[in-house]
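See below for the structure under consideration.
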Amino acid sequence: MQRTTMDLWVGLFVVMGVIALMILSLKVGNLNVYNPSQSYVISGNFENIGGLKVRAPVKSAGVVVGRVTDIQFSTQTYDAVVTMSMDSRFLFPKDTFASILTSGLLGEQYIGLAAGGDEAMLKDGDKIIKTNSAMVLEELIGRFLFNKATEDDSL
């Protein structure tokens, strides 16, 4: 094999490696393409959002139905206001329950929606009333230790 042919193949593999790393970084950074042309915006108040980030998925039954677009702190209610952009193909009842969940044991956090039974559907600008905040591992360990300490004192 000639030197130029070998250099060409090496260059081709380097370019393919760089492209593979770019695709991997986009997937890890959660920058994959989600920009439905038709969407509606809803929001919900959460006492604790844990490690939820902007662009986190909003899922229902394991299917991505939207993305978190903004997270703000409310000085009136002293909790987090999470704004979500929902694909207009997926409509949810007004009594939908929103929970902050974790994929796997210590994976990324996302919002899970559990549909209610109301006949009226959420529309652009509506607020989800029923929310469940993130489980924070440190709080759970602290509660467990505090409960164990109070049990030992009562003996």
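Hydrogens, waters and symmetry mates are skipped; everything else that's a heavy atom, side chains included, is used.
- When hydrophobic side chains of Ile, Leu, Val, Met, Phe, Trp and Tyr are connected at separations under 4.5 Å, Val15 ends up clustered with Ile19, Ile23.
- Residues Phe97 and Met121 fall into different hydrophobic clusters, defined by Ile, Leu, Val, Met, Phe, Trp and Tyr side chains chained together at heavy-atom separations under 4.5 Å.
- One distance of note links CZ of Arg67 with NZ of Lys59; it measures 8.5 Å at 0.5 Å rounding.
- Atom OG in Ser74 sits 13.5 Å away from atom CZ in Phe46 (nearest 0.5 Å).
- Atom CZ of Phe73 sits in a crowded spot, with more than 12 heavy atoms from other residues, nucleotides or ligands closer than 6.0 Å.
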Show me the donor-acceptor pairs, under 3.5 Å and distance only, between side chains in residues 122-133 and residues at least two apart or in other chains.
unit_1 : atom_1 : unit_2 : atom_2 : d
Asp124 : OD1    : Val41  : N      : 2.8
Asp126 : OD2    : Lys94  : NZ     : 2.9
Asp126 : OD2    : Lys123 : N      : 2.9
Lys127 : NZ     : Asn45  : OD1    : 3.3
Thr131 : OG1    : Asn45  : O      : 2.6
Ser133 : OG     : Glu47  : N      : 2.9
Ser133 : OG     : Asn48  : N      : 3.1

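- Taking OG1 from Thr4 and CH2 from Trp9, the interatomic distance works out to 13.0 Å, rounded to the nearest 0.5 Å.
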Test side-chain contact (heavy atoms from CB on, under 4.5 Å) applied to Met86 and Leu113, step by step: CA-CA 11 Å; Met86 306 293 293; Leu113 298 180; 3.4 Å; yes

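- Minimum heavy-atom separation, Gly112 to Leu101: CA-CD1, 4.0 Å.
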Run the side-chain contact (heavy atoms from CB on, under 4.5 Å) test on Val65 and Val58 for me, step by step, so that the C-alpha distance in whole Å, both residues' side-chain angles and the decisive distance to 0.1 Å come before the verdict. CA-CA 6 Å; Val65 295; Val58 178; 4.1 Å; yes

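- Minimum heavy-atom separation, Pro93 to Gly116: CG-O, 3.5 Å.
- Looking at every heavy atom in both residues, Leu52 comes nearest to Ala56 through CD1-CB, 3.7 Å.
- Distance alone, capped at 3.5 Å, is enough to place a donor-acceptor pair between the Ser103 side chain and the Glu108 backbone.
- Between Val81 and Ser43, the shortest heavy-atom distance links the atoms CG1-CB, 4.3 Å.
- A heavy-atom distance below 4.5 Å is found between the side chains of Phe92 and Ser60.
- Distance alone, capped at 3.5 Å, places no donor-acceptor pair between the Thr83 side chain and the Thr69 backbone.
- Nearest approach of Tyr110 to Thr102, heavy atoms of both residues: CE2-C, 4.0 Å.
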